[in-house]
Amino acid sequence: MHGLEPSGALRLAVRDLHKSYGSLEVLRGISLEAHQGDVIALIGASGSGKSTFLRCINQLEDCSQGEIFVNGEHLDLVHRKGRRVARDPRQLRRIRSKLGFVFQSFNLWSHMTVLENLIEGPTRIHGMHRDEAVALAQSLLERVGMKGREGAYPAQLSGGQQQRIAIARALAMQPEVMLFDEPTSALDPELVAEVLAVIRDLATEGRTMLLVTHEMAFARDVASKVVFLHKGLVEESGPPAEIFGAPKSVRLTQFLKHVRLN
Amino acid sequence: MRFDLIFKHADMFLDSIVMTLELTVASLAIGMLIAMPVAVLRTMRLPYIDAVLRGYVFVFRGTPMLVQTYLVYYGLSQFEFIRDSFLWTVLRSPFNCALIAFSLNTGAYTAEILRGAIEATPKGEIEAAQAIGMSPLRMLRRIVIPGAFRRALPQYGNEVILMLHGSTVASIITIQDILGAGRTLNGKYYLAYEGLVTAAVLYLALTFLIAGAFGIAARHLQAHLRPASTR
């Protein structure tokens, strides 16, 4: 793997992010910072805006207000035809390549083999030599426990295997920050553990990660910080021990009552 | 059934098979060259351009290929300025007229097949490409088009067979294709059906081969569609 810098450097900063669907404001001003090595779990009821927030960070959804900084670089957004979009598409692409995104539904490219899925980004976006990209892919496959399945097509794999490949595909871009959007929500219960194990591994090695999840026990064990969203706002945030052990707000207390912790 | 007469003219039928295949394959190839940009541009819904392309598809799918062929073959030659121009070197050959009409026709149908397949690209695969920072053009080339071709294969196989059968229109404008050869045989010996039955059997055989080829291709591409650059 590429050398991870000592913790402290600010990898991702989001300031006052707003988003509306028509008159419905789903994000009402969310700010968040992730330093090197932070593992931030975003929790909250469905509809609280946590997935939307994550998707706004790499502009899979546009936001109506707010600023985004990746590794100190400010993403330049302008209003165009009623939407707020990147002024320079190349800057957006550069920033996106620094953010690894893992989707709920994997979204592997179905006409490509596992290996092709993994080397597509490094060779085409980073211009990496093919041999080097293959070597990188091999080592990543080993890390996610999928060595030997290079030639398989996504449709031939289980959901858990596909998600592990999707994580490896995101890692292959050697991103500064990994964004996980409910990575286990589309999985059968017996497949959740294998994916969580991979994510736990990444947390241990000091990856900077944002994780939208419904797996409360996992958030408690793995996250360095937990952010509880409610109706488009950060209702409460702090270390997992505090969030799960001594919630301050009524909303969080209620929310935790309704979710299982293990 | 006068098999002796049919076999006596085996050479004529062989030549006619070549003619039919030439016409069909060439029209399909040119039609594909027309269809690819038309399909991609139509999914972009550009103002004005989209209206023009929709008009093209509407006209060529909305009128019979026989009428289109007549219009190119008989219609265009009515204009003196066309007969006087370099276009006449192309248009005075019935083969070229059929080729033009057939290509435009299959181009319109193929464009619609491809457009449907492009628009059926899973949204998640697009998002995954965006998320790693792919440009729209590269996404089209690497993700959308390869997936769309695979999805379009069964429908396109149908279009190929329809074009083979549609190419019989060529026999109306003096081209000796398979149907033309059959009618020649009938006419020569005042036969009722020998020539037509022979033609039917030949079309059936060709259709069988095409359908088989697409069946194999479909099975292959389901599992092995891989860009040449990565093997």
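None of these values were measured; they are calculated from a predicted model. The sequence lines fix the lettering, A, B, ..., with proteins before strands; numbering per chain opens at 1.
Interatomic distance, OG of A/Ser105 versus CD of B/Glu127, reported as 8.0 Å (0.5 Å rounding). Atom CD1 of B/Ile132 and atom CZ of A/Arg124 lie 10.5 Å apart (nearest 0.5 Å).
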* To do: For A/Gln59 and B/Gln130, run side-chain contact (heavy atoms from CB on, under 4.5 Å): C-alpha distance rounded to whole Å, both residues' side-chain angles, the deciding distance at 0.1 Å, then the answer.
  => CA-CA 9 Å; A/Gln59 293 288 297; B/Gln130 289 174 329; over 6 Å; no
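Residue A/Arg55 touches chain B through its side chain alone, counting heavy-atom pairs closer than 4.5 Å. Interface residue B/Ser135: backbone and side-chain heavy atoms are both found under 4.5 Å from chain A. Heavy atoms of B/Arg141 lying under 4.5 Å from chain A belong exclusively to its side chain. Heavy atoms closer than 4.5 Å to chain B are found in the backbone of A/Leu108, but not in its side chain. Neither the backbone nor the side chain of A/Arg90 comes within contact range of chain B, judged by heavy atoms closer than 4.5 Å.
The environment of A/Leu24 atom CG is dense: over 12 non-hydrogen atoms of other residues, nucleotides or ligands sit within 6.0 angstrom.
Here the closest heavy-atom approach between residue B/Gly133 and residue A/Arg93 is recorded as O-CD, 3.3 Å. Across A/Phe101 and B/Ala131, no two heavy atoms sit closer than the pair CB-CB, 3.9 Å.
Note: A/Met173 leads A/Gln104, A/Arg94, A/Lys98, A/Met173 in heavy-atom pairs under 4.5 Å with chain B.
When atom types are taken as modelled, the side chain of B/Glu125 and the backbone of A/Ser110 share a donor-acceptor pair closer than 3.5 angstrom. Without hydrogens or angle criteria, A/His111 side chain to B/Arg142 main chain gives a donor-acceptor distance under 3.5 Å.
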